[in-house]
Protein chains: 2
Amino acid sequence: MSTASAARREIPEATVARLPVYLRALRALSARGVDVVSSEELAEAAGVRSAGLRKDLSHLGSYGVRGVGYDVARLSDEISRELGLHHDWSVAIIGMGNLGHALAAYSGFATRGFQVRWLIDEDPAIVGTEIAGLKVITFADLEKHEPDSIIAVIATPPEAAQTAADQAIALGVRSILNFAPGVLAVPPGVEVRKVDLATELQILAFHEQRGKYEQRGELEPGGKYEQEVVR
Amino acid sequence: MSTASAARREIPEATVARLPVYLRALRALSARGVDVVSSEELAEAAGVRSAGLRKDLSHLGSYGVRGVGYDVARLSDEISRELGLHHDWSVAIIGMGNLGHALAAYSGFATRGFQVRWLIDEDPAIVGTEIAGLKVITFADLEKHEPDSIIAVIATPPEAAQTAADQAIALGVRSILNFAPGVLAVPPGVEVRKVDLATELQILAFHEQRGKYEQRGELEPGGKYEQEVVR
DNA sequence: CGATGTGAACAAATTCACAGCA
DNA sequence: TGCTGTGAATTTGTTCACATCG
């Protein structure tokens, strides 16, 4: 109740999940010199329907102009604020195997308000080495730095994921992006999102097996097709 | 009606997305020597509610025994069948940068019916080199092999993703897992799933900023907490 | 006029609660 | 008795269609 950015309108979870997509589309438009965009155009760029886009944006407030559209810069800013991208976020990557390595070097993080600041591993052979310009440290080392407001990215082998999560949480981490397969048990107040590669492939396999669209074969070889993004 | 696994009941998308999770939990139980499990226990292991689990499984048919539970081996098998994990799937990874590299070496793929068989890149400096025991080839080379029934994993830089998708689709690929940020335009009949790291972090940032659970501070330091997985 | 913003209709997913069966 | 399987109730999300306003 005390904080200024307090309980505003409740924003539906499904909407929150799409805001980053809109933000990216807006950035791309901005880069192309567009500064006003209609819901129709933005929806196209983001791969959603225009009515849905308008409803999503309506949860943030009224930032469009009727008969005109949305100001790209303004809308970007509002969405950024809503997502909490004003201050930069510190990211700690835990587990410096193949995936951790790649994530440490992945520029997609840095480009949008997320700075990878710590690389954690417990393997003595890896601790102390330098990856992508950062020294690999242990949890004990991390403790010395600000413990709060870090997002932890878990890229350990599956067996080590729960322990890694426990240690991160003990240091005050409340947001975890988990690349390790399996379910993490965390206390209330800690949010986990997971990225599970095998699961994604299995979902694709399911649809491919079922010929989801019944449209076996023939895919209109030449020609430009309408944008059609499946979920 | 001829094939046993014929066009059965429609399975809700949300259910499909959870089947791989159940499958993994079942495998873990099996490895621990458990061969019968209740919906309560399996739900716990999978991080869902038992009622939801039962409803999900009911879409596959009646494979449980009232008063007893589910046979672990049987249920694993049924879910595997449903997901199309009987025959192995071939995966082609496109774009051999950091991420492509890591994905090529990632054992999590191989362990579940997905065999990474081709690594694609167009950079002459990379083509021909060997990564994780596979030679990097071009799209032109790929064409010589079976074009159908491949799942393409796009790990290119964002600018190259659409072209990569177009080329893969031209070769007959109908399932794409896209790691590049941005929206892919694909014809009907092609399914795209995307994994967007920056988006995931932004969603976490949103919730952290809002102190989703209002439960600022105090996280019950010691003690074992109930399992509480947020989405 | 033309595009936004939104109530109302619809659809999908989740949760409840309990009948029914091993 | 104890669990599954499932209708019914509820919640959440999407689509429609149009009044509204710059």
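These values consider heavy atoms only, across backbone and side chains, with no hydrogens, waters or symmetry-generated copies.
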Margin query: Checking His87(A) against Gln209(B): is there a side-chain donor and acceptor pair closer than 3.5 Å?
Written below: no

Note to self: Just the rounded figure in Å: distance from P of dG5(C) to CG of Leu57(A).
What the structure shows: 7 Å

Check: For Glu208(B) and Ser175(A), does a side-chain donor sit closer than 3.5 Å to a side-chain acceptor?
Finding: yes

Next item on the list: Using heavy atoms to find the nearest nucleotide of DNA chain D for Ala14(A) and Tyr70(B) separately, return the residue whose nucleotide is more 5′.
Entry: Tyr70(B)

Would you give me the side-chain donor-acceptor pairs under 3.5 Å for residues 177-184 of chain B, sequence neighbours excluded?
from, atom 1, to, atom 2, distance (Å)
Asn178(B), OD1, Ala180(B), N, 2.9
Asn178(B), ND2, Ala180(B), O, 3.1

Checklist line | Where protein sits on nucleotides 15-22 of chain D, one letter per nucleotide: B base, S sugar-phosphate only, - none, heavy atoms under 4.0 Å | finding: BBB--BBB

Notebook entry, point to check: If we ignore angles and hydrogens, is there a donor and acceptor under 3.5 Å between the side chains of Thr199(A) and Gln202(A)?
Noted result: no

Note to self: In this structure, how many angstroms lie between the C1' atom of dT12(D) and the NE2 atom of His59(A), rounded?
What the structure shows: 11 Å

Checklist line | Separation of dT14(C) P from Glu13(B) CD (nearest whole Å) | finding: 11 Å

Item checked: Residue Arg27(A) excluded, over 12 heavy atoms near CZ under 6.0 Å -> yes

Next item on the list: To the nearest Å, give me how far apart CG (Asp71(A)) and P (dT4(C)) are.
Entry: 13 Å

Margin query: So, does Ser39(A) get its side chain near the phosphate of dA3(C), meaning an N or O under 4.0 Å from OP1 or OP2?
Written below: no

Item checked: Distance in angstrom units between Glu10(B) CD and dA13(C) P, rounded -> 11 Å

Check: To the nearest angstrom, how far is Leu60(B) atom CG from dT4(D) atom P?
Finding: 15 Å

Notebook entry, point to check: Distance check: side-chain N/O of Ser62(B) vs OP1/OP2 of dG5(D), anything under 4.0 Å?
Noted result: yes

Note to self: Rounded to whole Å, how long is the line connecting atom CG of Asp56(B) with atom P of dT6(D)?
What the structure shows: 13 Å

Check: Looking just at side-chain N and O atoms, do Tyr63(A) and Asp71(A) make a donor-acceptor pair shorter than 3.5 Å?
Finding: no

Next item on the list: Evaluate the side-chain proximity of Val116(A) to Tyr106(A): yes if any heavy-atom separation is below 4.5 Å, no if none is.
Entry: no

Check: In whole angstrom, what separates Glu41(A)'s CD from dG2(C)'s P?
Finding: 15 Å

